[in-house]
> 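Here it is: the structure, laid out below.
Every chain is numbered from 1 and lettered A, B, ... according to where its sequence line falls, protein lines coming before strand lines. These values consider heavy atoms only, across backbone and side chains, with no hydrogens, waters or symmetry-generated copies.
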Number of protein chains: 2
Amino acid sequence: MIKIDIANALMQTLPVSKATALQVVDLLTDRMKNALLDGERIEIRGFGVFEPRPRKRGLGRNIKTGQSVEIPKGKSIRFKAGKDLRDIEVK
Amino acid sequence: MIKIDIANALMQTLPVSKATALQVVDLLTDRMKNALLDGERIEIRGFGVFEPRPRKRGLGRNIKTGQSVEIPKGKSIRFKAGKDLRDIEVK
DNA sequence: GTTCGCGATATCGATTTTGATCATGGAGGC
DNA sequence: GCCTCCATGATCAAAATCGATATCGCGAAC
């Protein structure tokens with residue numbers, strides 16, 4: 001599933017054009033991204049929680065040389081799946 | 001940021017009522033949730049990728065009794081942040 | 001206002017994530 | 001439809017997280 005599929009699903013349910021649907025998806029992802037960059041956590045009950053968290057480990061590896069590489073500061077975004085996504089059966 | 005905030009941001013940009021905005025958010029999360037439950041991965045360039053992955057570890061622990069508990073089959077949803085979300089500076 | 005999901009907590013150990021880099025397949029802009 | 005730019009995979013090692021469970025408190029959502 002890619003952006004087009006989501007927009008497609010949206011326009012199948014609500015009376016919006018595909019262009020508008022794409023705008024919506026774009027806008028929402030942008031807003032959420034912005035909020036996450038701002039250090040804000042996003043909680044959607046029944047779906048999941050996006051949480052920006054500082055990266056603790058600072059060591060990586062250069063695959064060519066095989067040597068360890070220092071990883072600078074940074075954050076990582078963790079997504080914690082909600083209840084509905086945790087109770088999934090293997091189909 | 002919660003669902004209302006997202007809907008709010010949506011109606012500030014596009015000419016939709018708050019009720020419609022909430023419907024949109026609800027619909028999208030539902031669709032995405034559904035796709036993930038279906039084992040489908042969702043890729044949105046510039047935002048991130050949701051990927052259902054089989055859980056390999058099958059052992060948990062009951063904290064009350066202290067005994068090991070078998071973890072049944074299942075999946076976990078991993079969210080891999082996109083480029084824009086990885087290149088974040090620590091504020 | 002009411003309900004119910006989610007965080008926190010504690011435990012333990014196997015799984016996993018995390019980063020650089022380069023090539024390639026594919027998402028998405030035009 | 002094409003072209004561009006982004007995501008993926010692979011590697012390695014260590015630190016961190018994820019599972020399960022139960023319960024209370026807070027707050028999201030109706």
> Check nucleotides 26-29 of chain D for protein N or O atoms closer than 3.5 Å to its own N or O atoms and list the pairs.
residue, atom, partner, partner atom, Å
D/dG27, N2, A/R45, NH1, 2.9
D/dA28, O4', A/R45, NE, 3.4
D/dA28, O4', A/R45, NH2, 3.1
D/dA29, OP1, A/R45, N, 3.0
D/dA29, OP2, B/K3, N, 3.3

> Starting at atom NZ of A/K18, determine the distance to atom P of C/dG28, rounded to an integer number of angstrom.
13 Å
> Enumerate the salt bridge (Lys or Arg N to Asp or Glu O under 4.0 Å) contacts for residues 15-28 of chain B, please, sequence neighbours excluded, ordered by first and then second residue.
B/K3-B/D26
> Given atom CZ of A/F79 and atom P of D/dC18, what is their separation to the nearest angstrom?
13 Å
> For a quick test of reading the model, state the closest non-hydrogen atom pair linking A/T13 to A/A9 and the distance between them.
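Between these two residues, the closest heavy atoms are OG1-O, 3.2 Å.
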> Looking at B/A7 and B/L22, what are the two nearest heavy atoms and their distance?
CB-CD2, 3.6 Å
> Looking only at heavy atoms, which two atoms of A/F79 and B/I77 are closest? And how far apart?
CE2-CG2, 3.9 Å
> Closest-nucleotide mapping onto DNA chain C: is A/L22 or A/G46 further toward the 5' terminus? I mean the 5' end.
A/G46
> Choose from D/dA7, D/dC18, C/dT17 the nucleotide whose nearest atom is closest to any side-chain atom of B/R41.
D/dA7
> Could you tell me how far apart A/R78 (CZ) and C/dT17 (C1') are, to the nearest whole angstrom?
12 Å
> Locate the shortest heavy-atom distance separating A/R41 from A/V49; write the atom from each residue and the value.
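Reported closest heavy-atom pair: NH1-CG1, 3.6 Å.
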> Roughly how many Å is it from CD1 in A/I42 to P in C/dG5, rounded to a whole number?
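One finds 21 Å between P of C/dG5 and CD1 of A/I42, rounded.
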> Please state how far atom NZ in A/K33 lies from atom P in D/dC6, giving the value in whole angstrom units.
11 Å
> By nearest nucleotide on DNA chain D, pick out whichever of A/K80 and B/V49 is the more 5' one.
B/V49
> Do you know which two heavy atoms are closest between B/A35 and B/I42, and how far apart they sit?
CB-CD1, 4.2 Å
> Can you tell me the distance, in whole Å, between the CD1 atom of B/I77 and the P atom of C/dT17?
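Roughly 13 Å, once rounded to whole Å.
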